[in-house]
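Have a look at the structure below before the remarks.
Please read all numbers here as calculations on a predicted model, not as lab measurements.
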Amino acid sequence: MLTLTQIKEQPKEIIKRLSVRNKNFEDLINKAIEEDENRKSVQNELDTTLAKSNKIAKSIGLLFKEGKQEEANEAKQEAVKLKEEAKILNEKLNSTKEKLQKILSDIPNIPNKSVPAGKSEEDNKLIRTGGDTPNLSQKKAHWDLAEKFDIIDFELGNKITGAGFPVYKGKGAKLQRALISFFLEEADKEGYTEIMPPLMVNEASGFGTGQLPDKEGQMYEMKEDKLFMIPTAEVPLTNIYRDVILKSNDFPIKLTAYSSCFRREAGSYGKDVRGLNRLHQFDKVEIVQIQHPDKSYETLDNMVNYVETLIQKLELPYRIVRLCGGDLGFTSALTYDFEVYSAGQDKWLEVSSVSNFESFQANRLKLRFKEDGEKQTKLAHTLNGSALALPRILAALLENNYSEKGIKIPKVLQKFTNFDVID
RNA sequence: GGAGAGAUGGCAGAGUGGUCGAAUGCGGUAGUCUUGAAAACUAUUGUACUCACAAGGUACCGGGGGUUCGAAUCCCUCUCUCUCCGCCA
């Protein structure tokens with residue numbers, strides 16, 4: 001959520017910057033400002049009414065003590081009147097606040113200046129590429145390979161749960177575990193503190209990172225307990241710092257977590273989502289940083305570089321793109337997507353998304369900090385990225401490393417798998 | 001799931017209808033003393049809105065609602081924590 005201070009300081013600039021999202025937010029911004037003015041005047045009125053009422057209430061106590069019954073009773077009548085006024089004003093204030101809140105929660109984050117305008121992924125800006133595309137004697141899609149080597153069973157998942165819940169078996173399961181260990185160990189070396197978070201979160205946490213109320217349908221919900229299955233470890237990880245006031249020397253805060261992720265992704269069926277390409281349950285190692293506003297973009301670059309090294313170590317061909325306005329997530333100010341080339345499908349698969357949310361999440365989370373010696377609190381910046389999501393990495397590993405001899409395991413993973421080929 | 005107790009400022013903990021934004025202790029910060037430090041002493045120390053980051057005002061004692069001129073204090077409700085019992089990896 002944007003803060004009203006941000007909006008009021010430079011509304012025109014914000015409207016202009018939001019327009020790269022391919023939508024016009026002028027009305028909403030103006031409404032927000034208007035509604036806030038409204039809120040202020042109502043609050044002022046209420047405050048003065050309450051002040052009067054408080055004063056009288058205090059005097060009544062004194063009057064009774066002094067035995068001035070009559071005067072006290074007179075004051076009482078006055079107080080009743082004020083109370084009624086205050087009640088009406090209070091209702092008015094609440095509805096105004098609600099309206100304002102609704103408007104604010106409909107305004108997405110301001111894209112960073114470097115975000116290109118554009119409608120869809122075709123307008124994303126290519127930053128760099130790396131790795132070599134493999135020369136394969138024969139191309140096979142990973143779902144065929146999975147069956148051939150009996151390492152992932154999609155049918156079995158259908159039986160036990162439903163579509164999008166694959167069952168990993170034997171070397172397939174071990175490879176998953178190896179990837180998780182590899183990613184966590186790398187993150188640890190990079191200075192991230194490992195966390196094992198809950199896989200379900202409450203409503204307040206969902207709101208804090210922006211999944212609620214906007215993307216409600218994305219999460220699996222336990223209606224009876226008002227809990228949600230996490231769509232990413234970003235949610236519990238970032239919410240560790242909800243309602244927290246940090247000191248400026250607490251920065252940077254670096255957290256990592258492996259978790260299963262659960263996404264309903266309603267309505268996305270068909271050809272592009274075969275095999276591991278899109279799942280309801282998948283595994284991911286996430287990295288989160290909380291940083292001083294002055295340093296968050298430097299940190300974003302570091303995170304991008306870090307994710308790049310992971311893909312390089314896995315010897316996968318990749319490209320990094322900067323998302324255009326139309327493709328940029330609601331809460332993000334700047335996002336880099338990583339895609340790996342998966343030879344069997346002849347497709348680029350998105351495997352990581354690294355974003356700076358600036359103070360957008362922090363405002364929802366009430367995640368603040370104090371500059372050394374200063375009294376005033378400021379909003380911190382939050383960032384996160386996948387490092388990395390497993391299924392599409394696995395798909396690319398299977399497809400790119402396949403030959404008649406079987407599927408070759410990248411060197412960095414072998415100490416975790418204890419085998420070097422799937423055959 | 002059953003029975004009971006409780007939720008107060010960074011922590012501990014007092015406060016059961018007015019003078020309570022809240023005693024006291026610890027912690028934090030600044031200062032005095034000291035060559036320096038410790039100790040001791042003094043002062044200061046919640047968040048947010050309004051507003052000039054002033055003064056003043058307002059809200060917040062787990063969340064929401066109610067009673068009252070007035071609530072941390074009484075009532076209702078929700079959430080959470082603890083103790084005992086039951087169940088259980």
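- Within the 4.5 Å cutoff, the side chain of A:Met219 has no heavy atoms near those of the A:Met229 side chain.
- One interatomic measurement links the two molecules: CZ of A:Arg39 to C1' of B:U58, which rounds to 12 Å at whole-angstrom precision.
- RNA chain B is contacted by both A:Asn44 and A:Asn54; A:Asn44 maps to the nucleotide lying nearer its 5′ end (nearest heavy atom per residue).
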* Asked: Does the pair A:His142 and A:Glu399 meet the rule for a side-chain hydrogen bond (donor to acceptor under 3.5 Å, both in side chains), with working shown?
  -> CA-CA 6 Å; A:His142 67 268; A:Glu399 293 180 13; 2.8 Å; yes
* Structure fact -> Dot-bracket assigned to RNA chain B with the 3.5 Å Watson-Crick/G-U criterion, [ ] for crossing and | for other-strand pairs, is ((((((((.[[[..)..(.....]]]((((((.......))))))(((((.....))))).[[[[[..)....]]]]])))))))....
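- Taking the C1' atom of each, B:A59 and B:G63 are spaced 15 Å apart, rounded to whole Å.
- For residues 321-339 of chain A, every residue pair satisfying the salt bridge (charged side-chain N to carboxylate O under 4.0 Å, His left out) rule, not counting sequence neighbours, is listed here: A:Arg319-A:Glu339.
- Separation of the P atoms belonging to B:A7 and B:A12 is 13 Å when rounded to the nearest angstrom.
- Of the C1' atoms belonging to B:G4 and B:A39, the separation is 47 Å, rounded to the nearest Å.
- Counted within 6.0 Å of CD on A:Gln77, heavy atoms from surrounding residues, nucleotides or ligands total 12 or fewer; the atom is thus considered open.
- Qualifying ring pair (Phe, Tyr, Trp, His ring centres under 6.0 Å) partners for A:Phe369, counting only residues two or more places apart in sequence or in other chains: A:Phe251, A:His292.
- Spacing of C1' atoms, B:U32 relative to B:U81, comes out at 45 Å, to the nearest Å.
- One C1' atom belongs to B:C80, the other to B:G62, and the distance between them is 8 Å to the nearest Å.
- B:G62 atom P lies 15 Å from atom CG of A:Asp243, rounded to whole Å.
- Between A:Ile407 and A:Asp423, the closest side-chain pair of non-hydrogen atoms is not below 4.5 Å.
- Using a 4.5 Å heavy-atom threshold, the side chains of A:Lys370 and A:Ser248 count as separate.
- Put simply, CG on A:Asn38 is 18 Å from P on B:C49, counting in whole angstrom units.
- By the ring pair (Phe, Tyr, Trp, His ring centres under 6.0 Å) test, A:Phe25 is found to be paired with no residue, residues two or more places apart in sequence or in another chain being considered.
- For the pair A:Glu358 and A:Leu379, the minimum side-chain heavy-atom distance is 4.5 Å or more.
- Between the NZ atom of A:Lys52 and the P atom of B:A59 there is a distance of 15 Å, rounded to whole Å.
- Look at CG on A:Leu50: it is 16 Å from P on B:C69, rounded to the nearest Å.
- For A:Lys40, the side-chain atoms get nearest to B:C51 when compared with the rest of B:G57, B:C51, B:C69.
- In this structure, the side chain of A:Asn401 engages the main chain of A:Leu397 through a donor-acceptor pair within 3.5 Å.
- At the heavy-atom level, A:Lys83 lies under 4.0 Å from base atoms of the strands shown.
- On the C1' atoms, B:G17 is 12 Å away from B:C69, given to the nearest whole Å.
- A:Lys40 places a side-chain heavy atom less than 4.5 Å from the side chain of A:Glu37.
- A:Gln77 places its CD atom 15 Å from the P atom of B:U68, with the value rounded to the nearest Å.
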Output a table of nitrogen or oxygen pairs between the protein and nucleotides 16-18 of chain B separated by less than 3.5 Å.
unit_1: B:G18; atom_1: N2; unit_2: A:Ala57; atom_2: O; d: 2.7

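- Separation of the P atoms belonging to B:A48 and B:A54 is 13 Å when rounded to the nearest angstrom.
- Between B:C60 and B:G21, the distance separating the two C1' atoms is 9 Å to the nearest Å.
- Residues A:Asn38 and A:Thr96 have side chains that never bring a donor and an acceptor to within less than 3.5 angstrom of each other.
- Other residues, nucleotides and ligands place more than 12 heavy atoms under 6.0 Å from the NZ atom of A:Lys169.
- Atom-to-atom, CG of A:Leu4 to C1' of B:U50 comes out at 14 Å; the value is rounded to the nearest Å.
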Taking only nitrogen or oxygen atoms into account, show me every contact under 3.5 Å that the protein makes with nucleotides 43-47 of chain B, one pair per line with its distance.
unit_1: B:U47; atom_1: OP1; unit_2: A:Lys370; atom_2: NZ; d: 2.3
unit_1: B:U47; atom_1: O3'; unit_2: A:Arg368; atom_2: NH1; d: 3.1

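- Across the protein-nucleic acid pair, A:Lys87 atom NZ and B:C69 atom C1' stand 15 Å apart, rounded to whole Å.
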